[in-house]
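Data block below; observations after.
Here the structure is a predicted model, which is why all the values come from computation and not from measurement. Sequence positions, counted from 1, serve as the residue numbers for this chain.
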Amino acid sequence: MNLKNIIQSQYESALEMLAESIQKCPDDTWNNPADENPTWKIAYHAIFIAHLYLQQSLENFVPWEKHHDPETGVPFTRQEVLEFLIFVKEQVSEKLPDTNMDAQSGFDWLPFTKLELQIYNIRHIQQHVGELFERLGSRDKVVLNWVSLPTKQEN
């Protein structure tokens with residue numbers, strides 16, 4: 001297995017864990033007004049940043065077609081967030097094979113290589129997955145699963 005395949009596998013595993021937290025989130029927790037950062041906003045943020053850092057640079061970034069500023073207070077639906085997650089999984093498959101891992105990140109605030117950017121990006125996804133797992137597990141007693149390797153999709 002080559003390095004890009006390993007990185008892709010870990011992206012897919014992290015995104016599967018995020019998808020499970022979105023799918024199993026109770027409706028009253030999805031957009032709970034008592035939460036400073038509602039569940040939908042945490043999930044959307046994790047996916048948005050993953051999408052951003054899969055691009056060659058900020059100048060190459062085109063937001064997802066259904067994007068709107070989450071700060072407007074208009075929540076994304078669970079279905080919209082899952083649709084965006086699927087789009088980003090496809091971006092992983094499309095963009096990683098052609099990524100020069102020795103090149104600079106493409107983002108001036110991240111002074112490291114594309115290889116390190118991939119690890120950074122996966123860690124960011126997992127940070128928010130952990131946050132959602134903790135929220136759903138402690139508050140809602142939702143049991144969520146660790147994903148070591150992505151589920152293989154049948155074509």
Counting C-beta onward and ignoring hydrogens, is there a side-chain heavy-atom pair between Pro26 and Val142 closer than 4.5 Å? yes

Less than 6.0 Å separating the ring centroids of Phe76 and His68? yes

If you round to the nearest 0.5 Å, how far is OG1 of Thr113 from CG of Asn100? 9.0 Å

With the 4.5 Å side-chain cut-off for hydrophobic clustering, are Tyr53 and Met101 part of the same group? yes

Given 3.5 Å as the limit, does a donor-acceptor pair link the side chain of Thr99 with the main chain of Lys95, or not? yes

Quick one: closest heavy-atom pair of Gln55 and Lys114, and the distance? O-NZ, 3.0 Å

Any side-chain heavy-atom pair from Pro38 and Asn32 closer than 4.5 angstrom? no

Under the side-chain contact (heavy atoms from CB on, under 4.5 Å) criterion, do Lys24 and Asn145 qualify, and how do the steps go? CA-CA 11 Å; Lys24 290 186 175 179; Asn145 298 301; 4.0 Å; yes

Step-by-step side-chain contact (heavy atoms from CB on, under 4.5 Å) determination, His51 to Phe61: CA-CA 8 Å; His51 178 216; Phe61 179 65; 3.3 Å; yes

Distance-only donor-acceptor check, side chains Thr77 and Gln79, under 3.5 Å: no

Would you list the pairs meeting salt bridge (charged side-chain N to carboxylate O under 4.0 Å, His left out) in which at least one residue belongs to residues 62-75, sequence neighbours left out? Lys41-Glu71, Lys66-Glu83

Please report the shortest heavy-atom distance between Thr39 and Cys25, naming the atom on each side. CG2-SG, 3.7 Å

Is it the case that one hydrophobic cluster holds both Leu3 and Tyr120, taking links as side-chain heavy atoms less than 4.5 Å apart, direct or via other members? yes

Do the side chains of Arg135 and Asp35 get nearer than 4.5 Å, heavy atoms only? yes

List in chain and number order the residues that pass side chain to side chain donor-acceptor pair (under 3.5 Å) with Lys4, two or more places apart in sequence or in another chain; answer none if no residue qualifies. none

So do the side chains of Gln91 and Glu94 get within less than 4.5 Å of each other, counting heavy atoms only? yes

Cluster check Phe112, Leu58: I/L/V/M/F/W/Y, side chain < 4.5 angstrom: yes

From Gln10 CD over to Asn5 CG, what is the distance, rounded to the nearest 0.5 angstrom? 12.0 Å

Report the residues that fulfil side chain to side chain donor-acceptor pair (under 3.5 Å) with Asp102, sequence neighbours left out, ordered by chain and then residue number. none

Answer with yes or no whether the side chains of Tyr11 and Gln118 bring together a donor and an acceptor at under 3.5 Å. yes

Heavy-atom side-chain contact between Ile47 and Phe87 under 4.5 Å: no

Just verifying a value: how many Å separate Glu36 CD and Ile42 CD1, rounded to the nearest 0.5 Å? 9.5 Å

Please name the pair of heavy atoms, one in Asn31 and one in Pro75, separated by the smallest distance, quoted to 0.1 Å. ND2-CG, 3.6 Å

Do the non-hydrogen side-chain atoms of Leu85 and Glu16 ever get within less than 4.5 Å of each other? no

Linking I/L/V/M/F/W/Y whenever their side-chain heavy atoms sit closer than 4.5 Å, directly or via other members, would Trp146 and Ile22 fall into one cluster? yes

Does Glu134 offer a backbone N or O that forms a donor-acceptor pair with the side chain of Ser138 under 3.5 Å? yes

Ile7 vs Val92 side-chain heavy atoms within contact, under 4.5 Å: no

Nearest heavy-atom pair of His128 and Ala46: which atoms, and what distance? CB-CB, 3.9 Å

When rounded to the nearest 0.5 Å, the distance separating CD of Glu20 from CG of Leu15 is 13.0 Å

So, for Phe84 and His67, is the gap between ring centers shorter than 6.0 Å? no

Whether Arg78 engages the ring of Trp40 as a cation-pi pair (distance to the six-membered ring centre under 6.0 angstrom, angle to the ring normal within 45°) should be assessed. no

Rounding to 0.5 Å, atoms CG (Leu54) and CD1 (Ile49) come to a distance of 11.0 Å

Minimum heavy-atom separation for Ala14 and Val129, please, with both atom names. O-CG2, 3.9 Å

Consider only side-chain heavy atoms of I, L, V, M, F, W and Y, link residues closer than 4.5 Å, and tell whether Val74 and Val81 are in one cluster. no

Are Glu12 and Ser93 side-chain neighbours, meaning at least one heavy-atom pair lies under 4.5 Å? yes

I need the Asn121 CG to Ser105 OG distance, nearest 0.5 Å. 11.0 Å

If every non-hydrogen atom of Ser9 is compared with every non-hydrogen atom of Pro150, which pair is closest and at what distance? OG-CD, 3.2 Å

